[in-house]
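Below is one structure, written out as structure tokens, with a few remarks after it.
Letters A, B, ... mirror the listed sequences (proteins, then strands); counts begin at 1.
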Amino acid sequence: MVDYKEIESKWQRRWHEARIFDAEPVEGKKFFITVPYPYTSGPLHIGHGRTYTIGDIIARFKRLDGYNVLFPMAFHVTGTPILAIADSIARRDKAVIEQYRGYIAIYEERVDAILERFKDPKAVANFFSERISEDFNRMGYSIDWRRRFNTTEPMYNRFVEWQFKKLYDKGVIKKGKYPITYSIEDGSAVGEDDIEGGDTDKVSVIEHTAIKFGLEDGSYLIAATLRPETIFGVTNLWIRPDARYVRLRVCDEEWIVSREAGEKLRYQKAGADIEVLAEIAGSEIVNMRVKEPVSGREVPVLPANFVDPDVGTGVVYSVPAHAPYDYIAVEDLKRTGELPDTAIEPIKIIDIEGYDLPARDICIEMGIESQTDERLEDATQTIYKEEFYRGVLNERCGRFAGIKIADIKDEVKDWLRTQGVADVFYETSRKAVTRSGAKVVVAVLEDQWFIDYRAGWWKDRAHKLVSRMTFYPEKYRAYMHEIIDWLALRPCARKRGLGTRFPFDRNWIIESLSDSTIYMALYTIAHLLRDVPVESLTEAFFDYVFLGRGDVAAVARDTGVNEDLLNRIRAEFEYWYPNDLRHTAPPHLSNHLVFFLMHHAAIFPEDKLPRAITLNELMIREGKKMSKSRGNVIPLAKVSELYGVDLYRLYCAINADFGAVVNWREEDVDALRRKFNALVALFEDSIDEYALNESEFMHMDRWLMARFYRRLKESIERFRAFRLRDAAINMFFEMVNDVRYYEQRTDVARRRRMVRNLMDAWLVVLSPIIPHICEEIWHRLGHERFISLAKLPEVRTEFMDVRVEREEEYLISLVDDINEILHVARIERPKRIYVYTAEPWKYEILRAIKDVPARDKIKAAMQVRKDETTVEFVKRVMKSNIEYFELSEGAIMAREREYLERVFGCELVIDSEYDPGDKRRAALPLKPAIYVEFATQHSTAVPNDPASG
RNA sequence: GCGGGGGUAGCCGAGCAGGACAAAGGCGCAGGACUUAAGAUCCUGUUCCGCAGGGAUACGUGGGUUCGAAUCCCACCCCCCGCACCA
């Protein structure tokens with residue numbers, strides 16, 4: 001048995017020792033490929049591995065294709081997650097500790113000792129970046145590790161600062177108000193990684209419209225809503241009688257909201273001074289009357305227990321025509337007699353096809369009768385969605401009448417605000433707590449820093465860039481254009497987390513997506529910067545290196561970096577940039593990737609802008625998404641042990657095209673393993689063989705050569721077009737099938753020798769996908785150099801031979817035809833098979849009409865040979881779709897007579913005068929007539945004989 | 001609702017600048033070879049009908065264009081993703 005693990009580690013070691021993937025600028029074409037650096041908060045799994053593996057396959061292929069390839073890697077450390085993890089471990093958070101015990105155990109036995117160190121975020125980052133880099137080596141990735149860095153290094157900080165200075169100079173760094181998720185208890189912003197379950201169930205900030213309903217005493221009940229347009233249909237307010245409310249002074253107004261909402265408002269109106277004047281029971285408010293602010297109608301305040309004081313303002317305005325909760329609550333009150341039957345009538349304000357009174361209709365349809373029914377949530381969702389997209393405001397809505405809600409919502413909101421009857425209230429999209437259990441609310445930051453992506457010049461440049469880049473799959477190009485259009489303001493700094501200090505306000509830290517946009521440029525020079533003191537990495541330094549600005553001597557003097565080194569750094573950047581290919585996954589399109597494009601477009605000149613983007617879909621396992629919570633992830637670190645690296649790489653390449661999801665199924669993996677082993681065995685079987693001399697080539701040898709070089713040519717073309725899957729299937733499944741067939745037609749010994757003829761070239765094309773085993777066999781064949789550094793085999797067109805392939809096709813179809821006859825006629829033991837090739841006149845006609853359009857074929861044929869049988873013949877030709885090709889059928893059959901006789905176990909007679917079945921006339925060119933003589937059948941039962949049953 | 005991607009045999013999944021497509025490849029299943037046996041491997045078959053290489057039906061549904069459609073056009077149904085202030 002082949003010891004794949006041994007082979008893997010042997011070649012990884014030798015590649016490393018020979019430093020063959022360290023890329024230096026040399027003459028000739030270059031190829032600079034990047035794949036996003038991994039975030040080092042934990043181990044990677046086989047799903048992540050797909051993207052890196054494909055990146056490596058491309059890198060390896062490009063090397064074979066004659067490019068000087070740079071494939072670098074670094075580690076992403078910035079942001080809050082790693083910090084949050086370290087904090088959680090420091091405060092002995094059980095779930096996190098369990099999780100990280102598991103993670104460490106993948107790699108190490110001394111779990112506790114390492115976990116202890118994880119109180120320090122740096123230790124987390126270091127541990128995982130170290131382990132991941134080992135994983136990558138174990139996957140056989142052809143990475144130049146000299147250029148490795150991580151995103152918290154001073155060098156990187158300097159680089160990111162430079163980026164922000166460039167953006168600042170372009171006038172796109174701005175400051176303003178911004179709502180964020182926030183923990184009052186911790187006094188700080190919280191991101192999805194700080195929030196309990198935030199990674200799987202994201203918490204976002206939702207802007208509500210807070211509408212002021214006037215009470216008699218001049219104060220307001222504040223009702224928060226997501227549907228301000230429904231104000232026209234309000235019939236009453238809802239208050240929870242057993243909840244506590246507060247009377248607040250907000251600027252010069254008095255507001256009444258739930259106690260919880262009052263607390264939240266303090267963080268949302270940081271500028272205004274807010275004071276709690278009094279606390280009131282909900283029940284005290286019930287039955288008051290308020291003025292609806294748009295038309296001044298008086299509506300009552302009623303009790304409802306579906307109201308949650310911790311959602312919104314704890315005051316809800318009621319639109320029973322369009323909100324299922326409101327409808328049911330009104331019905332409830334009527335039923336219990338608390339409200340007269342006629343007291344509250346729904347006011348319909350939205351016309352929508354298929355509904356009369358939407359809220360009532362859906363409650364009846366779903367059979368909802370109580371305000372505690374959980375399905376009310378579904379009903380609400382359905383109605384909201386339907387009305388938003390399809391609903392039109394009716395005549396009760398004044399200036400907004402006749403317009404679709406989707407088109408008018410924002411205008412209604414703005415109108416209410418400018419009228420002074422509404423304000424903004426932010427709420428989280430769901431109730432959330434931090435990992436330490438503190439409540440998450442929305443706070444408004446007054447001086448948030450943004451990147452403003454709205455500038456016209458910027459979007460233009462980005463669109464132009466996208467238009468001329470290569471995308472594979474192509475569909476993502478259009479999507480990227482759209483994303484660029486959506487992009488607007490984006491917060492780019494936070495108060496906490498690891499990362500680079502914001503250069504214009506050192507209290508802020510640059511957010512972790514904004515610092516990962518143009519870092520590919522740093523790869524080109526990272527190894528050289530190791531010799532440069534951090535203080536020297538000034539704006540002028542990077543301006544010179546990346547933009548060629550300034551004078552070498554002056555920059556050298558100012559930075560203290562000697563001129564030669566400076567020039568060398570500049571030259572290396574010039575050599576490698578632009579990034580020829582960014583390979584990543586679609587979830588990055590709308591964040592990393594669009595920033596990558598935008599920031600390049602803003603900062604670099606045209607000739608340094610990225611050239612191509614390829615994306616591969618994700619990987620699922622046994623038909624299901626992989627996730628921590630499902631517990632169905634396989635760590636990348638285990639691939640070698642569980643499956644073997646080459647097998648995994650092959651599976652990634654062959655299971656799906658980039659645009660499709662890879663389904664990791666054990667059953668399929670096993671099947672592929674068997675095929676893979678068979679291929680290896682095929683190669684091993686030929687290692688000690690001598691290649692067949694070309695002068696000894698017979699028909700089948702030429703056939704195999706023809707097949708091979710045709711496939712080789714196709715595969716190289718597919719590889720170049722990133723169609724790895726097609727290339728892999730062709731060189732793997734299909735080619736192996738050809739060899740199998742060859743062996744069937746010849747014999748094992750000859751196959752061994754012929755495979756030796758093909759092996760060198762075959763191994764080279766397969767090596768990007770399964771590098772370890774190819775390297776092993778390559779060396780066992782006596783090659784001294786690494787296959788990883790080989791060049792693509794020459795496509796030897798002299799062996800590409802259509803005729804030989806056609807001849808074999810002809811033979812295959814003849815065998816099929818005879819088999820079919822034997823089957824249909826139930827002939828078990830044929831005695832003699834007569835084969836009749838078509839008469840010469842049929843060839844003549846076929847030749848004459850091959851290029852004639854279908855409707856004229858008969859006419860043309862009649863000119864050659866005026867006969868009834870000609871018409872019959874042409875009709876059959878047209879029906880059977882015979883394509884004209886000159887083959888000497890008789891010669892082929894004569895040559896293969898022995899084979900055919902062996903296959904059918906009887907004598908074969910070609911073109912005999914003896915034609916008892918009168919078959920010859922049925923013969924078509926390339927489709928000879930067949931007559932089978934057989935011994936009397938004796939075993940055939942008489943089907944309908946009742947006596948025999 | 002808008003935008004994008006899909007719906008192919010028992011399953012997965014190619015094909016989709018119209019013709020050789022009953023539809024690649026894989027899995028599964030059945031039969032055979034090899035084997036003491038199992039496994040592996042290799043052959044054959046796998047819509048229905050047919051005692052001579054044929055025919056019928058089929059690529060979500062229904063129409064259309066064409067000598068010819070899984071492939072093009074139209075309508076409809078269903079599934080997935082994005083959009084309803086997160087860019």
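- Between A/I654 and the options A/I729, A/I769, A/V662, a side chain to side chain contact (heavy atoms under 4.5 Å, CB included) holds for only A/I729.
- Of the candidate nucleotides B/C86, B/A52, B/A87, B/C86 has the atom nearest to the side chain of A/I206.
- Spacing between atom CG of A/D726 and atom C1' of B/G26 amounts to 15 Å, rounded to whole angstrom units.
- Here the nucleotide nearest the side chain of A/I821, chosen from B/A87, B/A52, B/G25, is B/A52.
- Taking atom CD of A/Q744 as the reference point, atom P of B/C34 lies 16 Å away to the nearest angstrom.
- Ranking B/A24, B/G3, B/A87 by closeness to the A/E482 side chain, first place goes to B/G3.
- Each of A/R674 and A/K413 lies near RNA chain B, and the nucleotide nearest A/R674 is the one positioned closer to the 5' end.
- The CG-C1' distance, from A/L679 to B/G25, rounds to 16 Å in whole Å.
- Considering only side-chain atoms of A/L487, the nucleotide from B/C27, B/A87, B/G53 that sits closest is B/A87.
- Among B/C43, B/A24, B/G53, the nucleotide with an atom closest to any side-chain atom of A/D817 is B/G53.
- B/U41: Watson-Crick or G-U partner is B/A33, with both key distances under 3.5 Å.
- Of the candidates B/A52, B/A24, B/C27, the closest approach to any side-chain atom of A/K675 belongs to B/C27.
- Cation-pi check for A/R227 over A/Y384 is met; the charged atom lies under 6.0 angstrom from the ring centroid and within 45 degrees of its normal.
- Nearest-nucleotide positions on RNA chain B place A/D816 closer to the 5' end than the other of A/S813 and A/D816.
- Nearest to the side chain of A/F595, among B/A24, B/G26, B/A87, sits B/A87.
- Considering only side-chain atoms of A/R665, the nucleotide from B/G82, B/G13, B/C12 that sits closest is B/C12.
- Of the candidates B/C42, B/A84, B/G53, the closest approach to any side-chain atom of A/K409 belongs to B/A84.
- The shortest side-chain heavy-atom distance between A/Y651 and A/Y643 does not fall under the 4.5 Å cut-off.
- Nearest nucleotide to the A/E820 side chain, out of B/A24, B/G3, B/G53: B/G53.
- The two residues A/F658 and A/F722 have their closest heavy-atom pair at CZ-O, 3.7 Å.
- The interatomic distance linking A/N737 (CG) with B/G26 (P) rounds to 6 Å, in whole Å.
- Within the shown strands, nothing qualifies as a pairing partner of B/A14 under the Watson-Crick or G-U definition with both distances less than 3.5 Å.
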